[in-house]
Amino acid sequence: MRYSNLFIPTMRETPSGINAISHILMLKAGYVRQLAAGLFIFLPLGWRVLNKINVILKEEMERIGAQEISMPILHPAEIWQQTGRWYSIKEEMFRLKDRTGRDMCLGMTHEEIMTWIAAKEIKSYRQLPQIWYQIQTKLRDEARPRGGVLRTREFIMKDSYSFDADNEGLDRSYQMHAEAYHRIFSRCGLRYYQVESDPGIMGDMESHEFMAPTPAGEDEIVLCDQCGYAANIEVAKSNPPIPPKIDMEFSEVYTPNKKSVKEVSEFLGLDERYFIKSLLVITEKEPVLVLIRGDHEINEKKLARIIGEFSFASPEEAHKILGIEIGFIGPLNHKIRLIADKSISKDILYVSGANKKDYHIKGITPEKDFRPEWHDIRKVSEIDRCIKCNAPIRIEKAIEVGNIFKLGTKYSLPLNAIYLDKDGKEKPIIMGSYGIGPARVAAAAIEQNNDQDGIIWPKSIAPFDIEIIPLNMGDSKTTKIAEELYEKVSEIYNSFADRHMEVLIDDRDERPGVKFKDADLIGIPIQVIIGEKGLKEGKIEIKKRRTKESKKVTINKAVVEIVNSYYETY
RNA sequence: CGGGGCGUAGCGCAGACUGGUUAGCGCACCUGCCUUGGGAGCAGGGGGUCGGUGGUUCAAAUCCACUCGCCCCGACCA
């Protein structure tokens, strides 16, 4: 295509007030514009990239036998009421009424509707298994859109749903999706990990997320390089180092005004690992005293899975419930529910609050001096060791680019998706659901592939394969050679992508500097530079965007050399 | 929803504290000349509800109140 006909509004100056690199570069290089908080317009270049990703998604979905369909995004409330999500989901759902006053909502995801159609049409085991997918808009009234295209209120998602007769079938569908996802993200040029994840309200069965590591990511993942253990920090387990036992006499110590673990630890000259931090939380049912080692933090997701939704007690609430000032609460002599983290060792003596202002107690022995419920409620820390192989672990920030969930009968039961098996017995369809966010894939690709000059697209999802840059449009020899190359290269079959080469020619009457800057910004993998200097020697220049490595080749070999350079790059 | 910040030309900003010419600068844009290997130069030109509403004042971009929008941190994220 011709640059002069394309709408590519690049910006000379860097937009201020935003920090995700992908957000900055998508705006600056003219890929997207923002309409309102969490609403983005994809301009020609951005839309081409999304479509490149969508083609890969379709190919890999079809490869596992998935069938593309398309569902409405406007849904009647009844179906969501039947599964209960109309009530369990709160402000995050866009709701509206039609002219007759009927309750409707905008689809945040499509489990309900997919199950509805399956329930209506699938009657026999002979019709199973099925995998249906779509690339469709979702709407969620996000509390806080952020990171440009990373978390938006309206976004496109590839979502697929599997329908099987039994759990073995579900295992196969799940596994096929996992394999398809590995192929998809590899083909898109991402660095990624498959990690264990919290299924959240999707179900309580197995689920995994596909995570692309980058500092702009919202999630944290725990990784072991030795055995490959990988988990979202929300569910990750680890072995914290246990300190050696120190003898201390069971006694009260005067700790005037020393409230935090840090303060008391410094005051007594004792490592924080020998402290038990006592935190009062309040659930819908009851107050709970949560005990965790002094140097650890609570993983609120893990705790919530045990006691349900909770909030930390305010100093006033704590005083009212326990009669003690915050800072001096300890695990001894309470009548309320006690939950302790497993990393608190029964073989070690600890210090904690004395339940009395300005005093702490030394020499506490867990199980002897207090008897809690033991659970894993600790947030994994980088000094911990791998839960599986005890090797050192890493924690990285990452973007969730995809997820796979086993749903079981969570939706098929309430929506009555029942089939008859070989024996004529009624059974619920066993389901799975699987999502990928193409815009997140694009953003993650930019996060992982950029330099000071701009985007460096993996060639599989670049908006064009080749950019031809005639430096001086006023020079007839330059334009003649450029046009010839444009035509010839466009006719070449691109066996990497299974289509013809997509070539962009910068035919604008701009100065060379402008063209170079824009070319680097928009990040097309191969630049073909045609200038008068080179032409005098009968040569043109081929430059790889990623490495900046360039070579001069004679005009008669140009086409072959351009194509070779394209295949060499990644 | 809590905390912080910002709204002045398409973009980036100054002016505000201490009210007072016609609201300014760089880039972008338009016309002409010139130039063509890393965002050129000269000359001329267009573009503003100073986010909105109300108030104080002889006078408001500037002070006050309310409100809307956006960004960042947190909560949330099916």
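Computed from a prediction, not measured in an experiment: that's the story for all the values here. Within every chain, numbering begins at 1; the chains are lettered A, B, ... in the order of the sequence lines, protein sequences first and strands thereafter.
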A.B. asks: With a 3.5 Å limit on both atom pairs, tell me what B:rA65 is paired to, counting Watson-Crick and G-U wobble, or say none.
C.D. replies: B:rU53
A.B. asks: Please report the distance, rounded to the nearest Å, between CD1 in A:Ile24 and P in B:rG12.
C.D. replies: 12 Å
A.B. asks: Kindly confirm or rule out a cation-pi arrangement of A:Arg546 over A:Trp457, judged by NZ or CZ under 6.0 Å from the six-membered ring centre and within 45° of its axis?
C.D. replies: no
A.B. asks: Roughly how far, to the nearest 0.5 Å, is CZ of A:Phe94 from CG of A:Asp141?
C.D. replies: 3.5 Å
A.B. asks: Within this structure, what is the CD1-to-C1' distance between A:Ile18 and B:rC72, rounded to whole angstrom?
C.D. replies: 12 Å
A.B. asks: Do A:Lys406 and A:Tyr174 meet the cation-pi criteria used here (NZ or CZ under 6.0 Å from the six-membered ring centre, within 45° of the axis)?
C.D. replies: yes
A.B. asks: How many Å lie between NZ on A:Lys515 and C1' on B:rG38, as a whole number?
C.D. replies: 13 Å
A.B. asks: Using only heavy-atom distances, decide whether a donor-acceptor pair under 3.5 angstrom links the side-chain of A:Asn472 to the base of B:rG37.
C.D. replies: no
A.B. asks: Output the rounded distance in Å from CD (A:Glu532) to P (B:rU36).
C.D. replies: 8 Å
A.B. asks: Return the residues of residues 537-547 of chain A meeting this criterion: a heavy atom under 4.0 Å from some atom of RNA chain B. Order them by number, or give none.
C.D. replies: A:Glu541, A:Lys543
A.B. asks: If you look at every strand shown and take non-hydrogen atoms under 4.0 Å, does A:Asp520 touch a base, only sugar-phosphate, or nothing?
C.D. replies: base
A.B. asks: Report which part of the nucleic acid A:Met108 touches: base, sugar-phosphate, or nothing (heavy-atom distance under 4.0 Å, all strands).
C.D. replies: nothing
A.B. asks: Under 6.0 Å between ring centres: does that hold for A:Phe163 and A:Trp132?
C.D. replies: yes
A.B. asks: Can you tell me how far C1' of B:rC76 sits from CD of A:Glu218, to the nearest Å?
C.D. replies: 10 Å
A.B. asks: Between B:rG39, B:rG38, B:rC76, which nucleotide gets closest to the side-chain atoms of A:Val514?
C.D. replies: B:rG39
A.B. asks: Using the C1' atom on both, measure B:rA23 against B:rG15 and round to a whole Å.
C.D. replies: 8 Å
A.B. asks: Would you mind building the protein contact string for nucleotides 27-35 of chain B? One character per nucleotide, 5' to 3', B for base within reach (heavy atoms under 4.0 Å), S for sugar-phosphate only, - for untouched.
C.D. replies: SS------B
A.B. asks: Scan nucleotides 45-50 of chain B nucleotide by nucleotide, 5' to 3', and note B when protein non-hydrogen atoms come under 4.0 Å of the base, S if they reach only the sugar-phosphate, - if neither.
C.D. replies: ------
A.B. asks: Under the side-chain contact (heavy atoms from CB on, under 4.5 Å) rule, collect the residues that match up with A:Thr137, sequence neighbours excluded.
C.D. replies: A:Ile73, A:Leu139, A:Glu154, A:Ile156
A.B. asks: In whole Å, measure the gap between the P atoms of B:rG24 and B:rG48 for me.
C.D. replies: 13 Å
A.B. asks: Taking only the C1' atom of each, what is the distance from B:rG51 to B:rC71 in whole angstrom?
C.D. replies: 15 Å
A.B. asks: Assess whether side chain to side chain donor-acceptor pair (under 3.5 Å) is satisfied between A:His177 and A:Ser162, documenting all intermediate values.
C.D. replies: CA-CA 9 Å; A:His177 271 90; A:Ser162 63; 5.4 Å; no
A.B. asks: So, OP1 or OP2 of B:rC13: does either fall under 4.0 Å of a side-chain N or O from A:Ser16?
C.D. replies: yes
A.B. asks: Figure out the NZ/C1' separation between A:Lys301 and B:rC77, and round it to whole Å.
C.D. replies: 7 Å
A.B. asks: Using the C1' atom on both, measure B:rG20 against B:rG4 and round to a whole Å.
C.D. replies: 34 Å
A.B. asks: Any base atoms under 4.0 Å from A:Gly531, or only sugar-phosphate, or nothing? Heavy atoms, all strands.
C.D. replies: base
A.B. asks: Just the rounded figure in Å: distance from P of B:rG5 to CG of A:Asn19.
C.D. replies: 17 Å
A.B. asks: Report yes if a side-chain nitrogen or oxygen of A:Arg146 is closer than 4.0 Å to either non-bridging phosphate oxygen (OP1 or OP2) of B:rC71; otherwise report no.
C.D. replies: no
A.B. asks: P atom, B:rC13 versus B:rU8: distance in rounded Å?
C.D. replies: 10 Å
A.B. asks: According to salt bridge (charged side-chain N to carboxylate O under 4.0 Å, His left out), who are the partners of A:Arg151, at least two apart in sequence or on a separate chain?
C.D. replies: A:Glu142, A:Glu218
A.B. asks: Rounded to the Å, how far apart are A:Met93 CE and B:rC76 P?
C.D. replies: 19 Å
A.B. asks: Quick test: give all pairs of protein nitrogen or oxygen and nucleotides 68-70 of chain B nitrogen or oxygen below 3.5 Å, distance rounded to 0.1 Å.
C.D. replies:
unit_1: B:rC70; atom_1: OP1; unit_2: A:Ala37; atom_2: N; d: 2.8
unit_1: B:rC70; atom_1: O3'; unit_2: A:Gln34; atom_2: NE2; d: 3.3

